[in-house]
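Accompanying notes for the structure given below.
Ligands are counted one by one from 1 in listed order, and the atoms in each one are counted from 1 as well.
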Amino acid sequence: MNSQPVADRFAFRTADALRRKAEELGAELPFDQDIGVLFEETVVGGRRVPNRIAAQPMEGCDSTPEGAPADLTVRRYERFGAGGAGLIWFEATSVLGDGRANPRQLFITPATAPAFRHLVGVTRIAARQRFGPAHEPYLVLQLTHSGRFSRTAPPGERRAACHNPYLDRETLPAWTDGELDGLVSRFVDAARLAARAGFDAVDIKACHGYLLHELLGAHTRTNSRYGGPFEHRIRLLMDIVSAVRAEVPDLAIAVRLNATDGVPFPYGFGVPADGGAGLDLDEPKGLARRLRDAGCALLNVTAGIPTYGPHINRPFDRPVAGTAPPPEHPLIGVSRLLALGAAIQAEVPSVPVVATGLSWLRQFWPPVAAALLKAGGAQLAGLGRGMFAYPDAPADLMARGALDPVKCCIACSRCTELMRMGSTAGCAVRDHPLYSALHRRATNAAGSPP
Ligand SMILES: Cc1cc2nc3c(=O)[nH]c(=O)nc-3n(C[C@H](O)[C@H](O)[C@H](O)COP(=O)(O)O)c2cc1C
C-alpha cells in the first residue's frame, strides 16, 4: 500500500556491519557481546525487578467503549507477561473521559477498575506459569490526559495549554488555571484505583505532546500559574506527583519524560532558547532532579511528538503511508534517544532510568543495551515496537542468548498506521494473521493512506 521512499533499509547481517555504519555516521552506539547484565535483578521503589528488560507502554486502542481492557488488551499483556520482561509499562490510560486520545484508549474509573485488576492478574499468572514464582514482573500503569490531542472531548471543548503553531491547525481555547487545578484530584483518583488493581507504580505521563508535557513547553502561556517561567511550567506535574505520593503512599511513582521534543522555542521543551535546532537539556535535567527530590522512583526517558518529527520519537525505515521519509538515518535517532536517557541517568543516578529507542536495531539491540547498562547509561532497556513484534524476546534471550531475526520488529510503521486509521494496534508483520488482516481491512476502509 505504500510506495514512499525508504531512507536506508536495514541490511546489516552482523553487529560489526551495524557498528561500522554507526561509525561512518558519527552516531555513538556502544556494543558489548556479553549480555548477562540484562538478566541481573534490579530494584525499583524498594521492590525487586527480576531482570533489566522492560516492555514500553504501547497503546493497542482496543478497550471497551467505557475504557475497560478488552480481549485484545488482555491478550497483549498475557503475551508480555509470558515473554519474560522484568518490567511491564502498561499503556496510556486516561484519567478523564474527555481526555482520551482515541475512543478505544484505556480509561480507569470505578466501573472499569475490576477489569484492570483482572488484567494485572492475567499478566502476573502468565509470568509465573512460565518462569516460576521468583519471577514477579514490576507493573507500571501510565496515567495520562491527552490535552490538545484528546479525541473524545465534545466539539469545541478540546483545550490546549497555549497555542502552538507547530502542532495546531486551529487555535484551541486555553485551559483556565482553575480547570488545570481540578485535574490533580483526577490523577489521584486514578492512582488509587491503579493501586487497588495491583499495579506497583503509576506513571504520571509527561511526554509526546500530551497535556503534562504540553505544559512543560508553555512558555507563551501568560498570566498563569502554569505558564512562563520553569517553576510554573512544571507546577502541574509536580503537584500531581506530590498529591499521589501523599494520598496513595504504597504506590511508587514513575514519570515518562520527554527530554526534548524538537519543537522550536518558545513552543518546545528541551530546546535552545535562541530558537535554533538541537538540544538544551538544562531544564529536563532540572526537572529530573526535582522529580527525584519529590520521591519519583523511576524515570523513562523519551523524546519527540509522534505527529511532529516522528523520527525523533520512533526511528523507522518506512514512514507512515503518505508521510515524508525520515530526514536522518534512523541510527542517528537511536543514538540520540539513548544519549538522552544516559544524560538524565547521569543527572539522577539514584533514580533508575528506562532507556527508549532500541527497537530499530532488530536482533542487535541486546549487545547495545548491555553496553549502555554497563556504562551506567540506564538501568533498564525498554522495547516498544520490538515487544509488539516479539513479546518472547526476553525468554528467547534467556534460553538461547540471542534473538531470532525473523521475529524482530522491522520499523515499518504499520502499528502506527493501524492506530491512525482508527483500528486496534499491533504488529501487522510478526503478529500475523491477526494484525495483518486488521491492517488490510483498515486500509481498505480508509480507501487511502492514513
Ligand atoms: C503503536 C504505538 C503505540 C504507542 N503507545 C504509547 C503509549 O501508550 N505511551 C507511550 O508513552 N508511548 C507510546 N508509544 C511510544 C513507544 O512507547 C516508544 O517510545 C517508541 O515506539 C520508541 O521505542 P521503540 O523504538 O522501542 O519502539 C507508542 C508507539 C507506537 C508505535
Minimum non-hydrogen distance to atom 14 (N) of ligand 1, winning option of G384, P57, A355: P57
Closest protein heavy atom (residue, atom, distance) for atom 25 (O) of ligand 1: R385 NH2, 2.8 Å
Nitrogen or oxygen atoms of E91 and ligand 1 under 3.5 Å apart: no
Identified side-chain contact (heavy atoms from CB on, under 4.5 Å) counterpart of Q56 within the set L87, I88, V354: V354
Element-labelled atoms of ligand 1 that are located less than 4.0 Å from some non-hydrogen atom of K205: 9 (N), 10 (C), 11 (O)
Pick from P330, A303, A92, G333: the one approaching atom 8 (O) of ligand 1 most closely through a non-hydrogen atom: A92
Closest protein heavy atom to atom 10 (C) of ligand 1, given as residue, atom name and distance to 0.1 Å: R256 NH1, 3.3 Å
Heavy-atom gap M387 to ligand 1 smaller than 4.0 Å: no
Structural part of M58 in contact with ligand 1, heavy atom criterion under 4.0 angstrom: both
N or O contact, Q56 vs ligand 1, cut-off under 3.5 Å: no
Per-residue contact class, T356 against ligand 1 - non-hydrogen pairs under 4.0 Å: side chain
Identity and distance of the protein heavy atom lying nearest atom 3 (C) of ligand 1: E59 N, 3.4 Å
Any residue meeting salt bridge (charged side-chain N to carboxylate O under 4.0 Å, His left out) with D168, in chain and number order, not counting sequence neighbours: R148
Contact check, N313 vs ligand 1, heavy-atom distance below 4.0 Å: yes
More than 12 heavy atoms from other groups under 6.0 Å of CD on E28: no
Residue, atom name and distance, where the atom is the protein heavy atom closest to atom 26 (O) of ligand 1: S359 OG, 2.6 Å
R362 charged N/C atom sitting above F10 aromatic ring, 6.0 Å / 45°: yes
Under 3.5 Å side-chain donor-acceptor pair for D203 and W89: yes
Top protein contact for atom 1 (C) of ligand 1, by heavy-atom distance: M419 SD, 3.8 Å
Heavy-atom neighbours of R47 CZ exceed 12 at 6.0 Å: yes
Sequence-distant partners of W365, ring-ring contact (aromatic ring centres under 6.0 Å, His included), two or more places apart: none
Check: E91/Q142 side-chain N/O donor and acceptor closer than 3.5 Å: no
Ligand 1 atoms in contact with C415 (distance to a heavy atom under 4.0 Å): 1 (C), 31 (C)
Neighbour count above 12 (heavy atom, 6.0 Å) for R186 CZ: no
R400 CZ: over 12 foreign heavy atoms closer than 6.0 Å: yes
